[in-house]
Amino acid sequence: QVQLVESGGGLVQPGGSLRLSCTASGSIFSINVMGWYRQAPGLQREVVARITRGGSTNYADSVKGRFTISRDNAKNTVYLQMNSLKPEDMAVYYCYASHSSSDYWGQGTQVTVSS
């Protein structure tokens, strides 16, 4: 069983930066993939970035070059550094982790990009 706790969301102006954090607790040794998804009002949830235990990363085309996902296995934490934020990045961001046959999700943190 894995619990994910997110932090770092908030209000930022276009062009600004924000860093999201997600810490996992519980049965964490078998976690392979961690990542971030987002869901904007009226849209489906989409993958933003994913990272494996070994550090292999994958990004949505819309965030490449602006967002960076990283992982500290010792701290059981995954981060999402978001730079050059755009209004279209505004969404609820959800932390994700895969463990055995189960998927785990954080509670979501709101990212608002507005002037």
Side-chain angles (χ1 to χ4, degrees):
Q1 193 171 34
V2 175
Q3 182 180 11
L4 304 176
V5 179
E6 303 153 321
S7 63
L11 174 64
V12 64
Q13 293 185 346
S17 297
L18 213 56
R19 190 192 194 198
L20 306 182
S21 300
C22 174
T23 299
S25 62
S27 301
I28 61 176
F29 287 120
S30 61
I31 293 177
N32 182 26
V33 176
M34 298 187 74
W36 293 92
Y37 290 68
R38 68 186 182 187
Q39 186 168 20
L43 300 178
Q44 293 183 304
R45 186 175 300 187
E46 63 178 355
V47 62
V48 177
R50 294 160 63 92
I51 185 169
T52 67
R53 176 175 292 273
S56 179
T57 60
N58 183 268
Y59 295 91
D61 289 340
S62 60
V63 306
K64 286 181 179 178
R66 300 188 298 119
F67 291 10
T68 302
I69 189 170
S70 60
R71 180 172 178 172
D72 188 334
N73 291 325
K75 295 182 178 180
N76 306 316
T77 300
V78 64
Y79 306 93
L80 185 67
Q81 178 66 46
M82 303 184 293
N83 298 326
S84 302
L85 283 162
K86 304 175 180 179
E88 51 263 44
D89 296 318
M90 182 170 62
V92 177
Y93 284 70
Y94 297 91
C95 183
Y96 164 86
S98 64
H99 172 69
S100 297
S101 61
S102 300
D103 297 334
Y104 295 89
W105 296 91
Q107 79 284 357
T109 184
Q110 176 70 50
V111 172
T112 301
V113 185
S114 177
S115 60

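For this chain, numbers begin at 1 and follow the sequence in order. Since the structure is predicted, the reported quantities are computational estimates derived from the model, not experimental observations.
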**Study point:** Residue pair S17 / N83, side-chain donor-acceptor N/O under 3.5 Å
**Key:** yes
Exercise for review: With rounding to the nearest 0.5 Å, note down the distance linking OG1 in T68 to OH in Y79.
Suggested key: 14.0 Å
**Study point:** R71 CZ to I31 CD1 distance, which is reported to the nearest 0.5 Å
**Key:** 6.5 Å
Review point. Is there a donor-acceptor pair under 3.5 Å between the side chain of Q13 and the backbone N or O of S115?
Key: no
Check your understanding: Going by heavy atoms in the side chains, are V111 and L20 under 4.5 Å from each other?
Key -> yes
Practice item. Can you measure from OG1 (T77) to CG (L4) and round to the nearest 0.5 angstrom? Key: 10.5 Å
Exercise for review: Search all heavy atoms of S114 against all heavy atoms of P14 and return the closest pair with its distance.
Suggested key: C-CD, 3.7 Å
Exercise for review: State, with a plain yes or no, whether a side-chain heavy atom of F67 is found less than 4.5 Å away from one of L85.
Suggested key: yes
Practice item. Quick one: sort the W105 and Y37 rings into parallel, tilted or perpendicular, breaks at 30° and 60°. Key: perpendicular
Point to revise | Student check: side-chain heavy atoms of C95 and V78 closer than 4.5 Å | key: yes
Review point. Is the CD atom of E88 crowded by more than 12 outside heavy atoms at less than 6.0 Å?
Key: yes
Exercise for review: Determine whether R66 and M82 make a side-chain contact, defined as any pair of heavy atoms from C-beta on separated by less than 4.5 Å.
Suggested key: no
**Study point:** Interatomic spacing from CD in Q81 to CG in L18 - rounded to 0.5 Å
**Key:** 8.0 Å
Check your understanding: How many angstroms lie between SG in C22 and OH in Y94, if you round to the nearest 0.5 Å?
Key -> 13.5 Å
Review point. Tell me, do R53 and M34 make a side-chain contact under 4.5 Å, heavy atoms counted?
Key: no
Check your understanding: Distance from Y59 atom OH to I69 atom CD1, nearest 0.5 Å?
Key -> 6.5 Å
Exercise for review: Could you tell me which residues satisfy salt bridge (Lys or Arg N to Asp or Glu O under 4.0 Å) with R50, sequence neighbours excluded, listed by chain and number?
Suggested key: none
Point to revise | V63 and R38, any side-chain heavy atoms less than 4.5 Å apart | key: yes
Check your understanding: Judged by atom type as modelled, is there a donor-acceptor pair below 3.5 Å linking the side chain of E6 to the main-chain atoms of Q107?
Key -> yes
Review point. Is the shortest side-chain N to carboxylate O distance from K86 to D89 below 4.0 Å?
Key: no
Exercise for review: Check whether I51 and Y104 end up in the same hydrophobic cluster, where Ile, Leu, Val, Met, Phe, Trp and Tyr are linked by side-chain heavy atoms less than 4.5 Å apart.
Suggested key: yes
